[in-house]
Amino acid sequence: MQRILVVEDSATMRSLIVSTLEDLDDLVKVDEAESGFEALRLLPRDDYDLIVTDINMPDINGLELVSFVRRDPKHAGARLLIVSTEGSDRDREKGLELGADAYLVKPFDPGELARIATELLASGSESPGSSD
Ligand SMILES: [Mg+2]
């Protein structure tokens, strides 16, 4: 079972991302957070393989969330994908510098999201002891 957390304050965008990721595989379970704050509440409860986050959110933004996850030993193996309307090189560099593995600019083709998520999940699957 692969666990994914989607952090996005826009309900429309969140449901698009979640449904795209749920269609990847039967063995994927997707949780949703509508804010960075809610993500911080969910993160200690599960071991996520992939965290997909927006940048612009009202409380804790996606870049802060990325740095939090990268300092969290529980999620040392988690892959991080930023999905943002901020398409400048500066934002992309900042996200990758803070520890994101990939950066997708909105609006995006759902097939592109599916392709990147599949790659990230495959690259993170070497974690020891996972029997499911
Ligand atoms: Mg947003």
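Counting starts at 1 for both ligands and their atoms, in listed order.
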Participant: Only one of His75, Lys74, Arg3 clears side-chain hydrogen bond (donor to acceptor under 3.5 Å, both in side chains) with Asp46; which?
Facilitator: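 That would be Arg3; it is the only one of His75, Lys74, Arg3 passing the side-chain hydrogen bond (donor to acceptor under 3.5 Å, both in side chains) with Asp46.
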
Participant: Under 2.8 Å from the Mg ion (ligand 1) - does any N, O or S atom of Asn56 fall there?
Facilitator: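 Within the cut-off used here (under 2.8 Å), Asn56 does place an N, O or S atom near the Mg ion (ligand 1).
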
Participant: Only to 10 degrees, please: what angle do the OD1 atom of Asp9 and the OD2 atom of Asp54 make about the Mg ion (ligand 1)?
Facilitator: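 Roughly 90°, rounded to 10°.
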
Participant: Is it true that, when you exclude Asp109 itself, more than 12 heavy atoms of the residues, nucleotides or ligands shown sit nearer than 6.0 Å to its CG?
Facilitator: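 Counting other residues, nucleotides and ligands, CG of Asp109 exceeds 12 neighbours.
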
Participant: Do Asp31 and Tyr48 have a side chain donor and acceptor closer than 3.5 Å?
Facilitator: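 The answer is yes; a qualifying pair exists.
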
Participant: Only one of Val6, Leu24, Leu50, Thr20 passes side chain to side chain contact (heavy atoms under 4.5 Å, CB included) with Val30; say which it is.
Facilitator: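 Exactly one pass, corresponding to Val6.
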
Participant: Check whether any N, O or S atom of Glu8, backbone or side chain, sits closer than 2.8 Å to the Mg ion (ligand 1).
Facilitator: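 So Glu8 does not count as coordinating the Mg ion (ligand 1).
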
